[in-house]
Undergrad: 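Here's a structure for you.
Everything numeric in this text was worked out from a predicted model, so none of it was measured. Just so it is clear, the values below take in all heavy atoms, side chains as well, and ignore hydrogens, waters and symmetry mates. Residue numbers begin at 1 in each chain, while the letters A, B, ... track the order of the sequences.
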Number of protein chains: 2
Amino acid sequence: MSGKDLPSRRIAEELRRRIAAGEFTEDGKDGKLPSERKLAADHDAARNTVREAIRQLAEQGLVDTHHGKGVFVRRRRQLLRFGDRYSKRLREETGVSPYRAELAKQGLTPRVDCPSITRVSPPSDVAERLGLSETDSTVARRENWYYAVGEGEEFPVQIGITYIPWEIAEGSVLSYSADMGKGSLYARFEDLGHPIAASREEVSARMPDPDEAEGLSIPDGVPVLEILHTGIDDQGRPFEVTKFVIRADVGGLDYTVPVKD
Amino acid sequence: MSGKDLPSRRIAEELRRRIAAGEFTEDGKDGKLPSERKLAADHDAARNTVREAIRQLAEQGLVDTHHGKGVFVRRRRQLLRFGDRYSKRLREETGVSPYRAELAKQGLTPRVDCPSITRVSPPSDVAERLGLSETDSTVARRENWYYAVGEGEEFPVQIGITYIPWEIAEGSVLSYSADMGKGSLYARFEDLGHPIAASREEVSARMPDPDEAEGLSIPDGVPVLEILHTGIDDQGRPFEVTKFVIRADVGGLDYTVPVKD
DNA sequence: AACCAGTACTGGTTCAAGCCAGTTGATGGA
DNA sequence: TCCATCAACTGGCTTGAACCAGTACTGGTT
């Protein structure tokens, strides 16, 4: 046995069963569960006990609650898979960014927002990867928000914060313009003598902090993937670090890496 | 403003501040917070309100609760970073597995448990990646649990479930023995004519299901990384799929991938 | 038709109380 | 000395009540 026989668990278990059976989602139904007060009466339990059960389901990502409306079965969206983001061939042949291509597979269109470009001191993890001193150097900081638009809804997918050593970015569009022109970011780096040759990606997962949860409208019980990406040029020099934060309920990663002998 | 001014939020906020200030962890202290009943009295609030505040902290991964003992500040462990797991050179030169090497950096020793080797029908995602029919084929299923041992404590890190087409595993140690001999798994695949040449890794993050949470003793508010790994040989044939589930509070990934022109 | 107010729902938060269950340390007997 | 017992903690769970806050519909007024 893996769980104790408590009222809240029993109620949660029963709701899980009914959700799996499609009781709330079949035909014309909108996925709405009975109200907390009704469930409490049905199970002869206190409303707080039902709330505890629903909290367990929400934590598990099975339902969403909406104040004033009700509790709804969360419909599973197929994950977007991001990989191969830097290939020059892709960049030149298809003319569309990998982000756009992946969204297109699911009938979605991207919207990217670049709310700020600033000049700052690098955070310590970024400075370390760029081989810079944390205090004696500055970097250009470009913040990008990625959204997906489709079927009358728009939702945020990921945030990317790119740090570029100031001595590289200085004078280039990288340091001041949201629009980076044909071929986008990595074409500009190539112009500047840093063609991307390798990418290091350090991947972690964690719960979003409250600001991220709000900004990315992340439902309860959904973690984020955090990727610390370092761009490395043909000389082995790191020239750019980007910190991605991806909603794990809408996005994942897909790497195909050759294995070295 | 990002949060409402509710009693439970205020209490959580104050505890966050005191935790950050090191009030519970400095010098000889063991990181224990005041009891729920004491906090309730101090803040002139109901015990349930304090519990709600503590639940928020636990969800955020700041504290652990222990029934009968108290609430403790969670000490952050440096993440283990797994990458480059398949290199033949590493395998032959160092003689130690990458898993062992990464743990050694932090003064930990691995323990690996192989509780079961069975013959089953492949799950659909696995069958798809191996190019098999879900119903007309069988695979060897090897389940491995990875633990870290150090300083009088042992904790689980990840689970790996490896699926191998039966026609490949049949007759080999892969199909029946926990001990795979010198060079381990990928050396055996090489013996069988499938030297690993590339690895595809599909990465997602999610909350653990209740069984995983128990089996991996995952604290509240900690997600897992799920990696669906496909081993590909020098002919481009997939010969093995492993599903890893990693506790995100102890482990992450580290890929360095060349960028194709 | 357009608007607004009222009302009856929904979940969100807090309260005070009680009992259950795991942990710890003191007490006292063998 | 050793060990069982007990008391006094700790958090875990449930109850039932009250009130707040967001939503949607209804009916009346304009």
Side-chain angles (χ1 to χ4, degrees), chain A residues 1-15 19 24 29-59 61-74 210 213-214 217 219-221, chain B residues 1-15 19 24 29-59 61-74 153 210 213-214 217-221:
Chain A
M1 268 267 289
S2 77
K4 291 167 224 163
D5 188 24
L6 298 171
S8 61
R9 306 259 189 133
R10 279 195 303 97
I11 295 171
E13 194 45 53
E14 198 219 294
L15 288 173
I19 289 170
F24 309 117
K29 300 186 186 167
D30 58 355
K32 186 173 174 178
L33 271 59
S35 77
E36 296 177 348
R37 288 166 176 90
K38 174 146 197 331
L39 286 171
D42 289 350
H43 290 84
D44 203 29
R47 188 179 152 216
N48 275 347
T49 304
V50 171
R51 280 183 67 73
E52 168 61 22
I54 290 175
R55 202 185 59 71
Q56 290 169 26
L57 300 182
E59 217 166 55
L62 288 174
V63 299
D64 287 314
T65 63
H66 295 283
H67 190 177
K69 295 207 275 197
V71 180
F72 298 82
V73 177
R74 187 180 296 177
E214 192 173 353
S217 13
D220 281 347
Chain B
M1 266 267 289
S2 77
K4 290 167 231 166
D5 188 23
L6 298 171
S8 61
R9 306 260 189 130
R10 280 194 304 98
I11 295 171
E13 194 45 54
E14 197 218 296
L15 288 173
I19 289 169
F24 309 117
K29 302 185 186 171
D30 58 357
K32 186 173 174 178
L33 272 57
S35 78
E36 295 176 349
R37 288 167 175 89
K38 174 147 196 328
L39 285 170
D42 289 352
H43 291 83
D44 202 29
R47 191 180 151 216
N48 275 349
T49 304
V50 170
R51 279 181 69 74
E52 169 61 22
I54 289 175
R55 203 185 58 73
Q56 290 169 24
L57 300 181
E59 217 167 56
L62 287 174
V63 299
D64 287 314
T65 62
H66 295 284
H67 190 175
K69 294 208 277 200
V71 179
F72 298 82
V73 177
R74 186 179 295 176
E153 53 164 357
E214 192 173 354
S217 15
I218 302 180
D220 280 347

Undergrad: So how far is it from A:L15 CG to A:L62 CG, rounded to the nearest 0.5 Å?
TA: 10.0 Å

Undergrad: Report yes if some heavy atom in the side chain of A:L39 is under 4.5 Å from a heavy atom in the side chain of A:I11; otherwise report no.
TA: no

Undergrad: So which atom in B:P219 and which in B:D64 form the shortest heavy-atom distance, rounded to 0.1 Å?
TA: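 What the structure gives for the nearest pair is CB-OD1, 3.4 Å.
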
Undergrad: Rounded to whole Å, how long is the line connecting atom NE2 of A:H43 with atom P of D:dG16?
TA: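 It works out to 15 Å between those atoms.
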
Undergrad: So how far is it from B:T65 OG1 to B:R74 CZ, rounded to the nearest 0.5 Å?
TA: 9.5 Å

Undergrad: Can you check the A:R51 CZ to D:dC13 C1' distance for me, whole Å?
TA: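 Result: 16 Å.
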
Undergrad: How long is the line joining CZ of A:R55 and C1' of C:dT13, in whole Å?
TA: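 Roughly 14 Å, once rounded to whole Å.
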
Undergrad: Just verifying a value: how many Å separate B:E36 CD and B:T49 OG1, rounded to the nearest 0.5 Å?
TA: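 If we round to the nearest 0.5 Å, B:E36:CD and B:T49:OG1 are 11.0 Å apart.
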
Undergrad: Expressed as a whole number of angstroms, how long is the span from B:E52:CD to D:dC20:P?
TA: 19 Å

Undergrad: To check you understand the geometry: which heavy-atom pair defines the closest contact between B:S8 and B:A53, and what is its length?
TA: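 Closest approach of B:S8 to B:A53, heavy atoms only: O-CB, 3.4 Å.
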
Undergrad: When the C1' atoms of the five terminal pairs at each end define the local axes, what inter-axis angle does the helix from C:dA1-D:dT30 to C:dA30-D:dT1 show, to 10 degrees?
TA: 10°

Undergrad: Among residues 30-39 of chain A, which ones have heavy-atom contacts with DNA chain D below 4.0 Å?
TA: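 Of all residues in residues 30-39 of chain A, the ones placing a heavy atom under 4.0 Å from DNA chain D are A:R37.
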
Undergrad: Mind checking what makes ring-ring contact (aromatic ring centres under 6.0 Å, His included) contact with A:H66, not counting sequence neighbours?
TA: A:F72

Undergrad: With respect to the side chain of B:P7, which nucleotide from D:dG12, C:dT14, D:dT14 is positioned closest?
TA: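 Ranking D:dG12, C:dT14, D:dT14 by closest atom to the B:P7 side chain puts C:dT14 first.
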
Undergrad: Between the protein and nucleotides 22-26 of chain D, are there any N/O to N/O pairs under 3.5 Å, and if so, what are the atom names and distances?
TA:
unit_1, atom_1, unit_2, atom_2, d
D:dG22, N2, A:G68, O, 3.2

Undergrad: Specify the separation, in whole Å, of atom CD1 of B:I54 and atom P of D:dG12.
TA: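 Rounding to the nearest Å, CD1 of B:I54 and P of D:dG12 are 8 Å apart.
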
Undergrad: Which residues pass the side chain to side chain donor-acceptor pair (under 3.5 Å) test with B:E52, not counting sequence neighbours?
TA: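 Listed in chain order: B:R55, B:Q56.
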
Undergrad: Indicate yes or no for a side-chain donor-acceptor contact from A:K32 to the backbone of A:K69 under 3.5 Å, with no hydrogens or angles considered.
TA: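 Looks like yes, one N/O pair under 3.5 Å.
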
Undergrad: When rounded to the nearest 0.5 angstrom, what is the spacing between CD in A:E13 and CZ in A:R9?
TA: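 A:E13 atom CD to A:R9 atom CZ measures 10.5 Å (nearest 0.5 Å).
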
Undergrad: In whole angstroms, how far is the P atom of D:dT15 from the CG atom of B:N48?
TA: 13 Å

Undergrad: Between B:R47 and A:G70, who's closer to the 5' end of DNA chain C by nearest nucleotide?
TA: A:G70

Undergrad: Starting at CZ of B:R9 and ending at C1' of C:dG12, how long is that distance when rounded to a whole Å?
TA: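 Answer to the nearest Å: 10 Å.
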
Undergrad: With a 4.0 Å cutoff (strictly under), does any side-chain N or O of B:T49 reach OP1 or OP2 of C:dT13?
TA: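 Answer no for this pair, as no side-chain N or O of B:T49 is under 4.0 Å from OP1 or OP2.
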
Undergrad: Show every side chain to side chain donor-acceptor pair (under 3.5 Å) that has at least one partner inside residues 37-46 of chain B, sequence neighbours left out.
TA: B:E14-B:H43, B:K38-B:D42

Undergrad: Taking atom P of C:dG12 as reference, at what distance in whole Å does atom CG of A:D64 sit?
TA: 11 Å

